[in-house]
Amino acid sequence: MDPLTRIRAICLGLPECSERLSHGCPTFFVRQKTSFVKYIGGGYDEPGPTIWCPAPEGVQAELVDAEPERFFVPPYVGPSGWIGVRLDIDPDWGEFAEIIHDAYRKVAPKKLVAELD
């Protein structure tokens, strides 16, 4: 299964999630307005597929410092605490699902987050 298919399945399984292109990339939104995952098939100086998503405070620095080969600070949104995840380096789909769920919790309304818990 290709990475986008897996990412899509994780994201679209979350309450009131939708997908549309944003800046030419598949992007996932809560209630069609707040993005929480951007899938990039390649580019931005990355050789393979990545996702960009908001992370809880402090997590970006922690992950990038611990595993810079897998995690990075993405351009444009990185200064806002978003994390970049390389999907082709030692893929751990359970971990990717956790990262996506954390991103969703960061931006979704409390009512929707409560549906997850």
Side-chain angles (χ1 to χ4, degrees):
M1 187 180 302
D2 79 292
L4 177 56
T5 301
R6 287 178 172 228
I7 295 299
R8 184 175 282 133
I10 295 166
C11 292
L12 294 179
L14 296 168
E16 297 190 42
C17 174
S18 61
E19 176 186 356
R20 71 175 183 271
L21 290 179
S22 177
H23 299 92
C25 298
T27 305
F28 299 88
F29 295 82
V30 177
R31 292 190 171 163
Q32 299 184 4
K33 60 183 176 178
T34 306
S35 66
F36 70 100
V37 172
K38 179 180 284 292
Y39 174 86
I40 299 165
Y44 295 99
D45 296 327
E46 293 296 328
T50 63
I51 57 170
W52 300 357
C53 51
E57 189 158 332
V59 170
Q60 180 197 65
E62 180 183 317
L63 291 175
V64 171
D65 288 345
E67 297 184 73
E69 67 284 350
R70 293 181 62 215
F71 302 101
F72 63 98
V73 177
Y76 312 112
V77 294
S80 298
W82 283 48
I83 188 76
V85 182
R86 294 179 182 101
L87 302 177
D88 59 348
I89 297 177
D90 191 24
D92 179 340
W93 288 98
E95 182 181 36
F96 297 159
E98 285 181 36
I99 290 168
I100 290 168
H101 284 202
D102 286 346
Y104 180 87
R105 282 183 171 89
K106 181 124 173 95
V107 303
K110 290 178 183 178
K111 178 184 175 186
L112 295 180
V113 171
E115 292 181 29
L116 297 178
D117 299 331

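Counting begins at 1 with the first residue of the sequence. What's counted below: heavy atoms across the whole structure, side chains too, no hydrogens, waters or symmetry copies. The structure displayed is predicted, hence computed values, not measured ones.
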### Task
Compute both the distance and the angle, then confirm whether R6 meets the cation-pi test with F96: under 6.0 Å from the six-membered ring centre, within 45 degrees of the axis.
no
### Task
Say whether V73 and I51 are linked into one hydrophobic cluster, either directly or through other cluster members, by side-chain heavy-atom distances under 4.5 angstrom.
yes
### Message
If hydrophobic clusters are built by linking Ile, Leu, Val, Met, Phe, Trp and Tyr wherever their side-chain heavy atoms come under 4.5 Å apart, do L12 and I40 end up in the same one?
### Response
no
### Euclidean distance, W52 CH2 relative to I83 CD1, rounded to 0.5 Å
12.0 Å
#### Entry: Cluster overlap F29 with L14, hydrophobic side-chain contacts below 4.5 Å
no
## Note on the structure
Rounded to the nearest 0.5 angstrom, the CG-CG distance for L4 and L87 is 9.5 Å
### Salt bridge flag under 4.0 Å for residues R70 and E95
yes
### Task
Using a 4.5 Å cut-off on heavy atoms from C-beta on, say whether the side chain of P49 contacts that of D88.
yes
### Nearest heavy atoms of P74 and G84, plus distance in Å
CD-N, 3.5 Å
### Task
Hey, could you give me the OG/NE2 distance between S35 and H23, rounded to the nearest 0.5 Å?
9.5 Å
### Task
Evaluate the criterion side-chain contact (heavy atoms from CB on, under 4.5 Å) for residue pair T50 and F72; output intermediate values, then yes/no.
CA-CA 10 Å; T50 63; F72 63 98; 3.8 Å; yes
### Summary
Between the SG atom in C25 and the NZ atom in K38, the distance rounded to the nearest 0.5 Å is 5.0 Å
### Query
Under the side-chain contact (heavy atoms from CB on, under 4.5 Å) criterion, do V30 and L112 qualify, and how do the steps go?
CA-CA 9 Å; V30 177; L112 295 180; 3.7 Å; yes
### Query
Is the closest basic N to carboxylate O distance between E69 and R86 below 4.0 Å?
no
### Query
If only atom types and distance count, is the side chain of Y39 paired as donor or acceptor with the main-chain N or O of F28 below 3.5 Å?
no
### Query
Do other residues, nucleotides or ligands put more than 12 heavy atoms under 6.0 Å from E57 CD?
no
### Task
Please report the shortest heavy-atom distance between A55 and K106, naming the atom on each side.
O-CE, 3.1 Å
### Query
When you look at C11 and F36, which way does the side-chain contact (heavy atoms from CB on, under 4.5 Å) test go after all the steps?
CA-CA 9 Å; C11 292; F36 70 100; 4.1 Å; yes
### Task
Would you indicate whether the side-chain heavy atoms of P3 and W93 approach each other to under 4.5 Å?
yes
### Message
Quick check for you: to the nearest 0.5 Å, what is the distance between R20 atom CZ and T27 atom OG1?
### Response
8.0 Å
### Message
Applying a strict under-4.5 Å side-chain criterion to I, L, V, M, F, W and Y, I'd like to know whether V37 and V113 cluster together.
### Response
no
### Message
For the backbone of G78 and the side chain of Q60, can you confirm whether one donor and one acceptor N or O come within less than 3.5 Å of each other?
### Response
yes
### Task
To the nearest 0.5 angstrom, please state how far the CD1 atom of I99 sits from the CD1 atom of I10.
10.0 Å
### Message
Any heavy-atom pair between the side chains of F71 and D65 that's under 4.5 Å?
### Response
no
### Message
What verdict does the side-chain contact (heavy atoms from CB on, under 4.5 Å) test give for I7 and I100, after you've listed the backbone C-alpha separation in whole Å, the side-chain angles of each residue and the deciding distance to 0.1 Å?
### Response
CA-CA 9 Å; I7 295 299; I100 290 168; 3.7 Å; yes
